[in-house]
Structures are given as structure tokens and as C-alpha cells.
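Read through the structure below, which is laid out as C-alpha cells, and then see the notes.
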Number of protein chains: 2
Amino acid sequence: MTPARTAAGNAIARGRRGARSAGDERESAILATAERLLRQRAVADVSVDDLARGAGISRPTFYFYFPSKDAVLLTLLDRVTEEADAAAGDVLERLAEDPRARWRELIDRFHETFGAHRAVVLACAQVRGTNAEVRRLWASVLERWVQAIETAIEAERRRGAAPDGVPARDLAIALNSMNERVWYATFAGDGPAVAERDVVDVLLDVWLAAIYRSTAPPPA
Amino acid sequence: MTPARTAAGNAIARGRRGARSAGDERESAILATAERLLRQRAVADVSVDDLARGAGISRPTFYFYFPSKDAVLLTLLDRVTEEADAAAGDVLERLAEDPRARWRELIDRFHETFGAHRAVVLACAQVRGTNAEVRRLWASVLERWVQAIETAIEAERRRGAAPDGVPARDLAIALNSMNERVWYATFAGDGPAVAERDVVDVLLDVWLAAIYRSTAPPPA
DNA sequence: ACGCCAGTCAACACCCTGTCGAGTCCCGTC
DNA sequence: GACGGGACTCGACAGGGTGTTGACTGGCGT
């Protein structure tokens with residue numbers, strides 16, 4: 001009776017089998033309740049019971065739709081990362097047009113997407129410490145992004161716009177890591193954080209410096 | 001009967017009052033057990049009972065020494081950050097001597113300290129999501145480091161070694177955040193991570209690029 | 001008219017946390 | 001040499017969360 005537990009990393013069927021019918025709106029209700037509740041309190045303070053009540057069902061019934069609270073989060077995270085991927089589009093392929101503008105566009109779009117779903121992003125960051133599935137999903141998403149950035153850096157080096165230096169992959173990891181942590185602090189609002197309206201500028205500045213050793217990289 | 005609950009951020013008396021006597025070794029035993037267990041499994045999989053048994057006492061007795069499992073972690077974190085501060089020493093004040101060497105020294109010493117206590121650092125990062133006290137302690141520690149870096153960057157700009165750019169504080173936040181996240185990935189070993197022997201080089205490279213726009217900043 | 005299956009939930013078994021109250025042991029004091 | 005108090009200890013409990021089981025319902029195709 002337990003819903004399909006798929007290997008982490010693929011978007012499909014995180015909830016139940018390929019169902020249709022009335023149960024679908026329950027599933028959506030759970031997801032919506034989760035995102036709403038997460039906007040109000042920390043993920044640890046949202047119980048399965050809260051999710052079930054919010055969706056108008058009992059706790060056991062919740063388990064008909066999702067194997068656990070974390071699975072709900074996993075589904076939500078899937079959607080956010082998909083949205084981010086879509087927002088990023090093919091910016092990286094058009095880098096040479098105007099590197100500074102394109103990099104800014106990339107960072108800005110991620111910023112917008114994550115900012116719009118900050119509750120989900122924050123909750124995932126918190127759960128990542130305790131839940132292996134979330135950790136793996138995040139790791140695989142990050143790996144994709146790191147590879148994309150690595151490839152872009154190598155292309156910029158090949159066309160002579162960026163100087164050689166530390167391995168492109170390591171640089172990509174460092175920069176992605178920085179963004180993740182800085183956004184987390186900015187959105188969470190605890191501890192030292194960059195103001196939300198400045199964060200894209202600051203991140204962009206470090207990216208350009210690290211990749212080009214310059215604030216004004218040359219276009220093609 | 002509950003041990004002194006002090007405001008987060010001060011190192012003293014996280015355990016009990018200023019006691020001496022046989023209870024002290026129990027307290028140490030709990031701390032040692034915690035660090036040992038944390039080297040084996042995630043913090044969520046270590047229960048108060050495990051800590052108590054490991055220290056040769058019963059669960060209720062544990063609560064005589066610490067108000068919670070997280071309080072143990074807090075004590076451990078205090079020690080690690082103190083050790084890191086000590087290791088960093090006055091490196092920042094001697095920056096102008098040889099900027100590249102000094103920055104490297106700074107990053108390297110943090111790397112050594114965190115690496116030596118990776119279990120504690122990892123556990124704290126995981127708990128930070130759910131525990132407000134750990135979050136506050138970490139935030140205050142980070143704030144100190146951010147301010148130190150900010151001051152150093154401003155000094156380098158003042159002496160003409162580093163160009164002006166984004167606010168020094170924002171830069172300091174971004175760079176510290178990067179280090180934190182990159183070390184976490186490296187020590188945790190999940191997801192895209194920089195190899196442990198390369199991580200100092202990579203971080204240093206980004207720091208120098210972001211601060212000086214150069215790999216070879218000028219000495220005094 | 002019947003069987004199946006999506007959907008539902010009361011009740012249960014568990015596990016972990018934190019607290020309470022009833023101790024024991026030792027040590028300084030009268 | 002008893003007595004009181006503080007350090008220290010733990011059995012037992014209350015509470016709150018999770019995940020599972022088994023019985024029930026209602027629609028729908030045959």
C-alpha cells in the first residue's frame with residue numbers, strides 16, 4: 001500500500017502511482033498546505049498531523065499519499081529546481097555575447113526563483129542535515145549546475161576571455177557553494193547576511209573576479 | 001535542579017555551575033562520548049540515552065549535567081571555535097608583510113582546526129537548522145570573523161593593495177560563507193566537493209581574486 | 001449482485017524526550 | 001556520632017511524534 005519509493009533524483013511519482021481521480025486534489029492540497037505552513041514556521045515544527053489536517057484528511061490517510069513528511073519536501077524541491085533550470089534557460093550558451101550581463105542574468109534568475117520559494121529552499125537546507133534522500137537529491141541537482149558552470153568556465157578560458165587557474169570544476173564548486181550559503185543567510189535572515197537587494201551584485205562581483213580576474217570581461 | 005541555562009554565545013557554564021568533584025569527570029565523559037559517537041553516525045542518530053550509556057550513567061542523570069543533547073553540541077562547538085580563534089592568532093594584523101602567504105596561513109589554520117574536529121562541525125551544521133541556540137552561537141562566531149575580515153579588507157584597500165569594489169562587509173560575508181559551505185561539502189563528502197588536499201588552494205584563489213583582482217597581491 | 005480497488009481512519013505499537021520524586025552517599029558541623 | 005544538606009543517581013511516568021494495521025466505504029466495471 002505504500003506509495004512508490006523511487007530512487008532519489010527523478011521527479012516522477014514521488015507521491016503515488018500514476019493515479020488520476022479525486023485523490024489528486026488531496027495530493028495537491030498536501031503540497032499546498034506544506035508550502036503555506038513552511039512560510040509560517042520551521043520544518044521541524046510542522047508535523048504530519050498538521051499537513052493532514054491542513055489538507056482535510058487524517059494522519060493515516062496522509063501516508064496513503066506520501067511515505068513521509070520529507071517526501072513532500074522532496075516533491076516541492078523537485079519543482080523548485082525544475083523552475084530554476086527553466087529560468088536559467090540557455091544563458092550559459094550565450095555567454096560570449098556579453099559575459100558580465102549574462103552571468104548577472106544567470107545569478108539573478110536563480111535569485112528570483114529561490115526567493116519566490118524561499119520557504120521550500122530554507123526547509124530543505126534544514127532537513128538536508130537529517131534526511132539522506134534530500135541530501136542526495138540536492139547533491140544531484142548541484143552536480144548538474146556545477147558541471148554547467150565548469151563547462152562555461154572552460155569555454156571562456158578556451159576563447160581567451162578568462163585566464164587559466166585552479167581547475168574549472170573546483171572553481172565551479174566553490175562559486176556555487178558560495179551562492180547557496182549566501183542566499184540561505186539572506187533568506188533566513190539570521191546571522192551575518194547580505195541585504196536582499198545587494199546580494200546579486202555581490203555574488204556577481206566575486207564570480208567575475210574569480211573567473212576573469214576582472215570586473216569587465218571582454219565580449220566576443 | 002536544572003543546570004544553568006546561560007544566554008547563547010558565552011563559553012562558560014554551558015554544563016553545570018562552577019563545580020569541581022567527581023561529577024566533572026562524568027561531564028567530560030559525556031563530551032568525549034559525544035565526539036566519539038559523532039564520528040560514527042549522524043547527530044540525529046545519537047540519542048540522549050546513547051550519550052548517557054557511553055558515559056556510564058542513566059538517561060535522567062544525563063539531564064543533571066546538560067539540559068539537552070544540543071547543549072552538549074553547543075559546548076563542543078564553543079571549544080572548536082575557541083581553538084580556531086587561537087590558531088588564527090594575529091595573522092590578519094601581519095597581512096601587509098606578504099598578503100598571499102598570510103591569507104593562505106589564515107585559511108589553512110581554519111582548515112586544520114575544522115578538519116580535526118569535523119565531526120563536531122558537521123553535527124552543528126546539521127543541527128543548526130533545527131536548534132535556535134546553535135544557530136545563534138554560530139551566527140555570533142561568524143559575525144566576529146566577518147568583522148575581522150572586513151577590517152582587513154578595508155586596511156588593504158586603504159594601503160592601495162586592493163581596489164575598491166563592493167562593500168568590504170558584503171565581500172567578507174560572501175567569502176566566509178563560501179568557506180563554510182565548501183568545507184562542509186569536503187568534510188561531509190557528499191555531493192560535489194573539492195578534494196581535501198586542494199581545498200585551501202581553491203579557496204585562497206577565490207579570496208585573492210575577489211579582494212585584489214590578482215593572484216599576486218603586492219606586499220608593503 | 002458482485003468483486004475490486006481507491007480512498008479513509010480509529011487504534012495500536014514504538015521510540016524518544018524531558019520531568020518528578022524518592023532515594024544514596026559523603027562531608028562539615030554541633 | 002548524629003544530623004542536615006548538597007551532590008549525585010535513577011525508576012517510572014507523561015507527552016508527543018512517527019509509521020502500520022486492519023476494518024470499513026463507496027463507486028464502477030462485468
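Note that the structure is predicted; figures quoted are calculated from it, not measured. In what follows, chains are A, B, ... by sequence order, proteins preceding strands, each numbered from 1. In what follows, every heavy atom counts, from backbone to side chain, and hydrogens, waters and symmetry copies are set aside.
- A straight line from CZ of B:Phe64 to P of C:dT24 spans 18 Å, rounded to a whole angstrom.
- Straight-line distance from the CG atom of B:Asn131 to the P atom of C:dG18: 10 Å, rounded to whole Å.
- Remark: the A:Trp138 side chain and the A:Glu180 side chain contain an N/O donor-acceptor pair separated by less than 3.5 Å.
- Of all heavy-atom pairs spanning B:Ala84 and B:Phe114, the tightest one is CB-CE2, 4.4 Å.
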### Task
Test salt bridge (Lys or Arg N to Asp or Glu O under 4.0 Å) on B:Arg169 and B:Glu143 and set out the steps.
CA-CA 10 Å; B:Arg169 177 175 167 83; B:Glu143 177 61 36; 3.0 Å; yes

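- As rounded to whole Å, 12 Å separates atom C1' of C:dT17 from atom CG of B:Asp70.
- Rounded to whole angstrom, the span from the CD atom of B:Glu27 across to the C1' atom of D:dT9 amounts to 16 Å.
- To the nearest angstrom, C1' of D:dC8 lies 13 Å from CD of B:Glu25.
- Considering all non-hydrogen atoms of both residues, B:Leu73 and B:Val127 come closest at CD2-CG2, 3.6 Å.
- Counting non-hydrogen atoms of neighbouring residues, nucleotides and ligands closer than 6.0 angstrom, the CZ atom of B:Arg53 reaches no more than 12 such neighbours.
- Side-chain proximity of B:Ser47 to the nucleotides C:dC16, D:dT9, D:dG19 is greatest for C:dC16.
- Distance, B:Tyr63 OH to D:dC13 P: 18 Å, rounded to whole Å.
- Between B:Asp85 and B:Arg144, at least one side-chain nitrogen of the basic residue sits less than 4.0 Å from a carboxylate oxygen of the acidic one, meeting the salt-bridge criterion.
- Against DNA chain C, the stretch residues 53-60 of chain B makes heavy-atom approaches under 4.0 Å through B:Arg59, B:Pro60.
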### Message
One pair to check against ring pair (Phe, Tyr, Trp, His ring centres under 6.0 Å): A:His111 and A:Phe187. What are the steps and the verdict?
### Response
CA-CA 10 Å; A:His111 178 70; A:Phe187 292 143; 5.7 Å; yes

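- Side chains of B:Thr75 and B:Asp78: a donor-acceptor N/O pair is absent below 3.5 angstrom, by distance only.
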Strictly under 3.5 Å: I want the nitrogen or oxygen pairs between protein and nucleotides 23-28 of chain D, one per line.
none

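- The pair B:Arg109-B:Glu105 meets the salt-bridge criterion, since a charged nitrogen lies less than 4.0 angstrom from a carboxylate oxygen.
- B:Thr61 has a side-chain polar atom (N or O) that falls below the 4.0 Å cut-off from OP1 or OP2 of D:dC10.
- Contact between the side-chain N/O atoms of A:Tyr65 and the OP1/OP2 oxygens of C:dT8 is found at a separation under 4.0 Å.
- Straight-line distance from the CG atom of A:Leu51 to the C1' atom of D:dG17: 14 Å, rounded to whole Å.
- Rounded to whole Å, the distance from CG on B:Asp49 to C1' on D:dC10 is 12 Å.
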